[in-house]
Amino acid sequence: MKLLLIDIDTLRPDHLGCYGYPRNTSPNIDGIAADGACFTDYYCSDAPCLPSRAAMFTGKFGIHTGVVGHGGTAADLRLEGAKRDFRDQCAAANLPAVLRNYGMYTASISTFPERHSAWWFNAGFQETHNLGKGGDEIAQEVTPVALKWLENNREREDWFLHVHYWDPHTQYRTPAEVGNPFEGQDSPALDWITPEIFKEHRKMAGFHSARDLTGLGEEVNPQCALRQLGHLDSLEDVRKNLDGYDCGIYNADLGVGQIIDKLKELGYYEDTAIIVTADHGEDMGELGRYSEHGCADDPVTRIPFIIKWPGGVRGGKKIGGLHYNLDLIPTLLELMGTEGIHFPYEWKMKEILGDNYQKILVKMMMNKYDGASFADSVLNGTEKGRDYLVMTCATHTVQRGVRFGDYLYIRTYHDGYCLFPEDMLFDLRKDPHETENLA
């Protein structure tokens, strides 16, 4: 089996055409969605980048792995202690390690492990490509590596390839030659920011406020000066900032299109399982934050999950139900089943557990994860999910969000000097941009 995971940093689902965005930011991603399905209420359990990918790749909440922030001991996996074997748990239980049990050759094109010194992320990958820019690389640098990999592995039957794009992440650095296809275009992401709301935003303090957009004291990387603003003084600046973000999505999508074209050229597209997702989203004015992912609110914690699975739902169906990104491993285990899976010391496992050892071991594996499978939704489009979700953010602020029904409740433990109230409650159906605190 071939499985492609396209991992696009800082990607809000409501800025993709397949989720209803009117700007044409994502024609190639939309094409994948048309051949598969979009999950509408898919959240990262822990935000932002490092905690989120730790949850996705380990299948566990940050409160269990210890990775809940970007620094100090909050950025490190907890030591396993006396129970640690010759290899640690990541070597056997990480997402790529699980897929290796199915005989898949595993490879990653990402600078994430170096950017966050998260070397455990590579556990289970047989091949890794680090472009060496720590997340500052653009799609035009990532895509050629992916295309070359596909060409070099064209004869390989089974593989898992993780391709990581950073383009929507600040600071915005889409090359000038791409232009601005959204110049002068309206967007629902702009309509709600009235002059009165923006005036209040200009009064707000803290990291990534309108007056300190980059969090660097209005400094802008000269390489990003074309699109990145240091502060927002007017509604026109808000528009320019939004264009910078949407151009980042568009630029990543151009790379996705080249990869899809390559799969089709090789004759692999129809039979390749493809997932498009993200680590977190982005506040673009919500809670007075711009180009920021340091809150446990809906724009930050809700992420896209688009899946084209052979034999699964097609036609771009929108599937509801509350799910976490840490549900991915259990879902893949159920989708792939027990046929073709092999384990280290398999002969010994068969001797101990009998002929049904594979089913028993897969069930034991599933019980090790905090995630729950939504394989039935992928195959049949059923809308099953949890009654509620709890999301944590502990980087620029310390917050927990609880998503239930149409509502999101946010409890602030440390406001990151943004002067947030301790309790916030929003009706996301009526107020998706979180303007009216009902608490």
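We count residues from 1, following the sequence as given.
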Are any of the side-chain nitrogens in [X] or [Y] under 4.0 Å away from the carboxylate oxygens of its partner?
{"X": "R289", "Y": "D283", "answer": "no"}
{"X": "R53", "Y": "D7", "answer": "yes"}
{"X": "E151", "Y": "K148", "answer": "no"}

What's the separation between atom [atom1] in [X] and atom [atom2] in [Y], rounded to the nearest 0.5 Å?
{"X": "L333", "Y": "L95", "atom1": "CG", "atom2": "CG", "value": "9.5 Å"}
{"X": "E383", "Y": "S377", "atom1": "CD", "atom2": "OG", "value": "8.0 Å"}
{"X": "T277", "Y": "F39", "atom1": "OG1", "atom2": "CZ", "value": "11.0 Å"}
{"X": "I306", "Y": "Y19", "atom1": "CD1", "atom2": "OH", "value": "5.0 Å"}
{"X": "I260", "Y": "I32", "atom1": "CD1", "atom2": "CD1", "value": "3.5 Å"}
{"X": "I410", "Y": "T301", "atom1": "CD1", "atom2": "OG1", "value": "8.0 Å"}

What do you reckon, is [atom1] of [X] surrounded by more than 12 foreign heavy atoms closer than 6.0 Å?
{"X": "K317", "atom1": "NZ", "result": "no"}
{"X": "D387", "atom1": "CG", "result": "no"}
{"X": "F305", "atom1": "CZ", "result": "yes"}
{"X": "E183", "atom1": "CD", "result": "no"}
{"X": "I63", "atom1": "CD1", "result": "no"}

**OP:** Apply the test salt bridge (Lys or Arg N to Asp or Glu O under 4.0 Å) to residues K203 and E200: give CA-CA distance (whole Å), side-chain angles for both, the deciding distance (0.1 Å), then the verdict.
**Re:** CA-CA 5 Å; K203 296 177 183 178; E200 292 302 311; 3.2 Å; yes

Contact summary for [X] and [Y], nearest pair of heavy atoms:
{"X": "F112", "Y": "C49", "value": "CE1-O, 4.0 Å"}
{"X": "S45", "Y": "N325", "value": "N-OD1, 3.3 Å"}
{"X": "G135", "Y": "T111", "value": "N-OG1, 3.0 Å"}
{"X": "D237", "Y": "H231", "value": "OD2-O, 4.1 Å"}
{"X": "G184", "Y": "R239", "value": "C-NH1, 3.8 Å"}
{"X": "C18", "Y": "A33", "value": "CB-CB, 3.6 Å"}

Answer yes or no: is there a side-chain heavy-atom contact under 4.5 Å between [X] and [Y]?
{"X": "Q140", "Y": "V178", "result": "yes"}
{"X": "I329", "Y": "L332", "result": "no"}
{"X": "L389", "Y": "Y42", "result": "no"}
{"X": "R173", "Y": "Q228", "result": "no"}
{"X": "L232", "Y": "H201", "result": "no"}
{"X": "N180", "Y": "C247", "result": "yes"}
{"X": "D298", "Y": "F426", "result": "no"}
{"X": "V276", "Y": "V256", "result": "no"}

[X] (side chain) donor-acceptor with [Y] (main chain) under 3.5 angstrom:
{"X": "Y369", "Y": "A93", "answer": "yes"}
{"X": "R115", "Y": "D136", "answer": "no"}
{"X": "E292", "Y": "G288", "answer": "no"}
{"X": "N251", "Y": "D167", "answer": "no"}
{"X": "D253", "Y": "I29", "answer": "yes"}
{"X": "D88", "Y": "A91", "answer": "yes"}
{"X": "K308", "Y": "Y269", "answer": "yes"}
{"X": "Q126", "Y": "T106", "answer": "yes"}
{"X": "E434", "Y": "L287", "answer": "no"}
{"X": "R78", "Y": "H64", "answer": "yes"}

Subject >> salt bridge (Lys or Arg N to Asp or Glu O under 4.0 Å) between E141 and K133, intermediate numbers included >> reply: CA-CA 10 Å; E141 297 168 292; K133 290 190 174 182; 2.4 Å; yes

If we ignore angles and hydrogens, is there a donor and acceptor under 3.5 Å between the side chains of [X] and [Y]?
{"X": "T382", "Y": "D376", "value": "yes"}
{"X": "Y324", "Y": "D370", "value": "no"}
{"X": "D327", "Y": "T331", "value": "no"}
{"X": "N122", "Y": "S108", "value": "no"}

Kindly assign one of parallel, tilted or perpendicular to the pair [X] and [Y], based on the angle between their ring planes and the thresholds 30° and 60°.
{"X": "F374", "Y": "H323", "result": "tilted"}
{"X": "H169", "Y": "W166", "result": "perpendicular"}
{"X": "F125", "Y": "F121", "result": "tilted"}
{"X": "Y417", "Y": "H414", "result": "perpendicular"}

Subject >> Derivation and outcome, side-chain contact (heavy atoms from CB on, under 4.5 Å), residues L190 and D186 >> reply: CA-CA 7 Å; L190 292 167; D186 292 333; 5.8 Å; no

**OP:** Indicate, with yes or no, if the rings of Y409 and F404 have centres closer together than 6.0 Å.
**Re:** no

**OP:** Using the side chain to side chain contact (heavy atoms under 4.5 Å, CB included) rule, pick out the option among N437, D297, T397 that qualifies with F420.
**Re:** T397

Original post:
Can H208 and Y290 be said to form a side-chain contact (heavy atoms from CB on, under 4.5 Å), step by step?
Top reply: CA-CA 6 Å; H208 284 271; Y290 288 86; 5.8 Å; no

**OP:** Using the side-chain contact (heavy atoms from CB on, under 4.5 Å) rule, take D243 and R227 through it: C-alpha gap first, then chi angles, then the decisive distance, then the call.
**Re:** CA-CA 8 Å; D243 288 356; R227 303 182 192 273; over 6 Å; no

Subject >> Axial cation check for Y172 ring with K240, 6.0 Å and 45° limits >> reply: no

Original post:
Between R411 and Y413, is NZ or CZ placed under 6.0 angstrom from the six-membered ring centre and within 45° of the ring axis?
Top reply: yes

